[in-house]
Amino acid sequence: MKLNYTTKWIFQKISAIIFLLALVYNIYSIHDLEFKNYIEISAWFKNYLNSISILILFFSIFFHSNIGISSIIDDYFHDEILKKKILVLKNFFFVILFFITIFSIARLTIK
């Protein structure tokens with residue numbers, strides 16, 4: 001899907017707002033946790049609201065970063081073939097990161 005620069009700018013601002021809201025919620029909800037206690041952290045992740053909020057946080061970070069890096073690549077790389085290769089590599093990297101995040105959160109939530 002081809003997006004114009006205005007749409008990308010709007011998506012980036014919306015993802016930044018979602019990122020900030022999810023970050024504030026997660027910081028507020030973990031302020032009483034003892035991070036050296038695995039059982040307590042695991043219990044925190046078993047609450048589905050917490051797991052979903054972490055997932056939303058990471059998704060918004062990945063989405064925001066993906067748009068930002070794409071605009072940098074568009075601005076500074078002028079060879080179209082090289083630009084397409086870098087964009088494919090970047091998208092592959094973000095997809096891998098997102099799946100690692102999903103599986104890690106699922107493992108903490110289910111276990």
Distance-only criterion, 3.5 Å: show the donor-acceptor pairs between side-chain atoms of residues 67-79 and protein atoms not counting sequence neighbours.
| from | atom 1 | to | atom 2 | distance (Å) |
| --- | --- | --- | --- | --- |
| Ser70 | OG | Asn66 | O | 2.9 |
| Ser70 | OG | Lys90 | NZ | 2.9 |
| Ser71 | OG | Gly68 | O | 2.8 |

Joint cluster assignment, Tyr38 & Trp44, ILVMFWY side-chain distance < 4.5 Å: yes
Suppose we screen for ring-ring contact (aromatic ring centres under 6.0 Å, His included). Which residues come up paired with Tyr28, at least two apart in sequence or across chains? His31
Residues which pass salt bridge (charged side-chain N to carboxylate O under 4.0 Å, His left out) with Lys85, listed by chain and number, not counting sequence neighbours: none
Using ring-ring contact (aromatic ring centres under 6.0 Å, His included) as the criterion, list what pairs up with Phe98, not counting sequence neighbours. Phe59
Hydrophobic cluster membership, with links at side-chain heavy-atom distances under 4.5 Å among I/L/V/M/F/W/Y: are Ile105 and Ile18 in one? no
Across all chains, not counting sequence neighbours, the side-chain contact (heavy atoms from CB on, under 4.5 Å) partners of Ser65 are Ile61, Phe94
Minimum-distance pair of heavy atoms, taken over all atoms of Glu34 and Glu40: N-OE2, 3.2 Å
Report the hydrophobic cluster partners of Leu89, with the cluster defined as I, L, V, M, F, W, Y residues connected by side-chain heavy atoms closer than 4.5 angstrom, directly or transitively. none
Partners meeting side chain to side chain donor-acceptor pair (under 3.5 Å) with Lys84 (sequence neighbours left out): none
For Glu80, which residues count as a salt bridge (charged side-chain N to carboxylate O under 4.0 Å, His left out) partner, sequence neighbours excluded? Lys83
All side-chain contact (heavy atoms from CB on, under 4.5 Å) counterparts of Ile96, not counting sequence neighbours: Phe92, Ile100
CD1/Ile14 to CZ/Phe11 distance, rounded to the nearest 0.5 angstrom? 6.5 Å
Tell me which donor-acceptor pairs under 3.5 Å the side chains of residues 51-58 have, and how far apart each pair is, sequence neighbours excluded?
| from | atom 1 | to | atom 2 | distance (Å) |
| --- | --- | --- | --- | --- |
| Ser51 | OG | Phe45 | O | 2.4 |
| Ser51 | OG | Thr109 | OG1 | 2.8 |
| Ser53 | OG | Asn26 | OD1 | 2.8 |
| Ser53 | OG | Leu49 | O | 3.3 |
| Ser53 | OG | Asn50 | O | 2.8 |

Roughly how far apart are Leu82 CG and Leu87 CG, rounded to 0.5 Å? 9.5 Å
Kindly write out the residues that satisfy side chain to side chain donor-acceptor pair (under 3.5 Å) with Ser60, not counting sequence neighbours, or none if the list is empty. none
Side chain to side chain donor-acceptor pair (under 3.5 Å) filter on Thr7, not counting sequence neighbours, yields Asn4
Leu108 reachable from Ile102 in the ILVMFWY side-chain graph, under 4.5 Å edges: yes
